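Residue numbers run from 1 in the order of the sequence given. Treat the numbers as computed from the prediction; the structure is a model and nothing was measured. Read the numbers this way: they start at 1 and go in the same order the structure lists the ligands and their atoms.
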Amino acid sequence: MKRIGVLTSGGDAQGMNAAVRSVVRVALENNLETYAIYEGYQGMVDGGSRIRPFGWNDVGGILQQGGTSIGSARCQEFRERNGRRRAAFNLVQHGIEGLVIIGGDGSLTGAHILQKEWRSLLQELVDEGQLGPEAIIQYQSLKIIGLVGSIDNDMYGTDMTIGADTALHRIVDAVDAIASTAASHQRSFVVEVMGRRCGYLALMSALATGADWVLIPEAPPNVDNWEDKMCSVLAKGREVGRRDSIVIVAEGAQDRYGKPITSQYVKEVLEDRLGEDTRVTVLGHVQRGGSPSAFDRNLSTLLGADAIEAMLSDETQTEPLVIGIQGNVITRTPLSHCLEKTWGVAEAIKAQNYDLAMNLRGRSFRDSFQIVRTMVRAVPHDPKPGQRRLRVAVMNGGGPSPGMNTAVRAAIRLGVDKGHIMLGVKNGFRGLIDGDISELNWMQVGGWAHRGGSELGTNRYIPHNGDFYAIARNLEEHQIDALLMIGGWAGYQSVLGMYEQRKIFPAFNIPLICLPATINNNLPGAELSVGADTALNSIIQAVDKIKQSAVASKRTFVVQVMGHYCGYLALMSAMATGAERVYMHEEGVTLQDLVEDVQQLQDGFKKGKRVGLMIRNEMANEIYSTSFMSALFEEEGGDLFDVRQAILGHLQQGGDPSPFDRILATRLAAKSIDFIEDQVISDEPISACIGLLKGEIKFTDLEDVPRMLDLEHSRPKKQWWLKLREVAGILAQPGPQSRKEYNNLDDEKQKRPKTRMETIDD
Ligand code: ADP
């Protein structure tokens, strides 16, 4: 195979550009030429200048842009065989043997049909004399790889579609903003979000913002008088002091008989029955807009890279594949299977078989729905008569991390709703030592879902010596049955310290649960910790601005990011911003590396590069510090470029938590409460740390934790994300294959028609 085409089709989604960039650059590294097909299937049907060769620099500077720079369209002609025959003709004319199609289920349905018809289309073209008979042999089959680009997250075969995370960012920002004005005036708001057949955006934004009611197509209200039920919950909420009422409605919401529930209808219900001043906000295309989130940039990059690997493997000979992410692993699933399952949900909703629809959506969707149902309650359920009411202490530990409050709020509310007495420990382990412990009720944690920082207070103090005695006494005094510590490395070390002293202090023989919350993402038993996604987004927003500032003046930036000894933030932000170099402690930095980097920078700027971007983890190397590197590059850059350093600092620990962090925090807290209930009644209660492992929430026994740790560098011995290093490396700088093209840039440019993005600054 020598040449492939890439196109974006259907509704645009943030991250499509990152996917195209990755496809083009990884293809180049694998000796494959890529043609961009402009305006989706329309470009394929029209041919001519809409199908153009694309190289390394054509995809420079697009990573952080929303939308799709090669255009997308809806194409009626492609729905008909004639249109597809013209498309096939154009592909053969351009020597294209494989396609990477980035689009929604409609676009991928089109791809499926094209692949099935391919041979017969070619036969017709040969019969008509438009193609020579050799075409049939030469272009026997068309290899197709699909990447799902859709903000709705509505397709089987991937846990997340390209654009869904960014859309959630837009929605959550909007709802947070609306909530503050709603609270000021004690108003009600009905917010309509996209999702004609999928309630993902509505459900997850309700979970993330702490909305008061949500309506989604898959799980309509299960009673006929749902309006009464909704109004009574909202009215009760007012009685207990809620200042805002927010109802989130998915575009495709319906009642259990399939009758649409519009946002306008909900507004009328609230006005008529509650007499509330109610406003409707239809978020519309705002949700599709703006720069992609860190997650979408990296997801698209990884999917694009695997699309090329899949293209070159034998797998796609017979069957188009969808590349997705499932359980934090990049997966390949036959397209026909994905389409069948996706249609299955739509059919189940249409047939009003909502149990089936919810089952098809999967466990995390169902769990999230259950959590939202509890969280929207105005007041918790009363304890069941005769039930054992546990006394559960909840605290933060370690450095502050966005999402800590979200997790505390969820734990308190879900615990109280199950009839337990929930206690908050102030000021981290110092508070536990001083006995700064008091009961927290349902309303006291209201509004914490979106608040950054730690309302309970947190610090890095690790108890030692006599501290344990004081802690044991306080646990006994408050009759604590279980402890949930939501925090980072120092919090984990403190809990491990208590765990190790169980023989001396029987009070520690209770379930001690650690929930990972640190921006560093350096904790055992969890692939992702609460706060890391927010920090990553803060970093990429800052770096995008820094890059823009540098374009004007031929400049290289050395940006220092946090992470302690863990390079997660450095690597992921480098991948998400198109940095050409990342320095991490895990890999080390040698003098030889720096010499090569200087060389690369000099070569790049000589060829017209305008911005250099190096991202350095704060502990990458003790001697080769950020200022050392900056000085070195400055000196060696001479007249070619100047150098500035940017130490991002504490902005990385602050800010309101991202949607992903809020959802993760809430889900982990919910499972922790369930786990605590199970463990308390067990003869040998297990203490554990909770976390996402391969997409599932799992518990790792504290017994096993010490040997998983690299104590000297405060990080786990095994770090799953290091395997992403290779892709980040390929995309950052032209490798041996791409360099041929890079070096011939000027000749190449003359040969080619001008593309929309002739930037060479990425
Ligand atoms: P999305 O890909 O975002 O779901 P659409 O459903 O509008 O968006 O599909 C985008 C394009 O894909 C359509 O305009 C059409 O060209 C093509 N397409 C969709 N469905 C089919 C189909 N059943 N047969 C052929 N082409 C299709």
Ligand 1 and [X], any nitrogen or oxygen pair closer than 3.5 angstrom?
{"X": "Gly11", "answer": "yes"}
{"X": "Gly106", "answer": "yes"}
{"X": "Gly104", "answer": "yes"}

Determine whether the side chains of [X] and [Y] contain a donor N or O and an acceptor N or O closer than 3.5 Å.
{"X": "Asp661", "Y": "Thr534", "answer": "yes"}
{"X": "Gln326", "Y": "Thr331", "answer": "yes"}
{"X": "Ser205", "Y": "Arg170", "answer": "no"}
{"X": "Tyr354", "Y": "Gln254", "answer": "yes"}
{"X": "Asn17", "Y": "Ser69", "answer": "yes"}

Among all protein heavy atoms, pick the one closest to [atom] and tell me residue, atom and distance.
{"atom": "atom 8 (O) of ligand 1", "value": "Gly10 CA, 3.5 Å"}
{"atom": "atom 27 (C) of ligand 1", "value": "Gly110 CA, 3.7 Å"}
{"atom": "atom 11 (C) of ligand 1", "value": "Ser9 OG, 3.9 Å"}
{"atom": "atom 13 (C) of ligand 1", "value": "Arg79 NH2, 3.8 Å"}
{"atom": "atom 2 (O) of ligand 1", "value": "Ser107 OG, 2.4 Å"}

In ligand 1, which numbered atoms sit nearer than 4.0 Å to a non-hydrogen atom of [X]?
{"X": "Cys75", "value": "13 (C), 14 (O), 15 (C), 16 (O)"}
{"X": "Thr109", "value": "23 (N)"}
{"X": "Arg74", "value": "3 (O), 5 (P), 7 (O), 8 (O), 14 (O)"}
{"X": "Tyr41", "value": "12 (O), 16 (O), 17 (C)"}
{"X": "Ile113", "value": "22 (C), 23 (N), 24 (N)"}

### Message
Just checking His337 against Tyr156, ring centres under 6.0 Å apart?
### Response
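Yes: the rings meet the under 6.0 Å criterion.
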
Could you see which bit of [X] sits under 4.0 Å from ligand 1, with heavy atoms only: side chain, backbone, both or neither?
{"X": "Asp105", "result": "both"}
{"X": "Arg84", "result": "side chain"}
{"X": "Phe78", "result": "both"}

### Task
Side-chain contact test, heavy atoms from C-beta onward, threshold under 4.5 Å: evaluate it for Glu218 versus Cys198 and give yes or no.
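Result yes, sub-4.5 Å side-chain heavy-atom pair found.
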
### Query
Mind checking whether Met194 and His285 have side chains closer than 4.5 Å, heavy atoms only?
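They are in side-chain contact.
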
### Query
Which of parallel (below 30°), tilted (30 to 60°) and perpendicular (above 60°) describes Tyr38 and Phe54?
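Plane angle over 60°, so perpendicular.
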
### Message
Using modelled atom types and a 3.5 Å cut-off, is there a donor and acceptor pairing between side-chain atoms of Asn153 and backbone atoms of Thr161?
### Response
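Answer holds: yes.
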
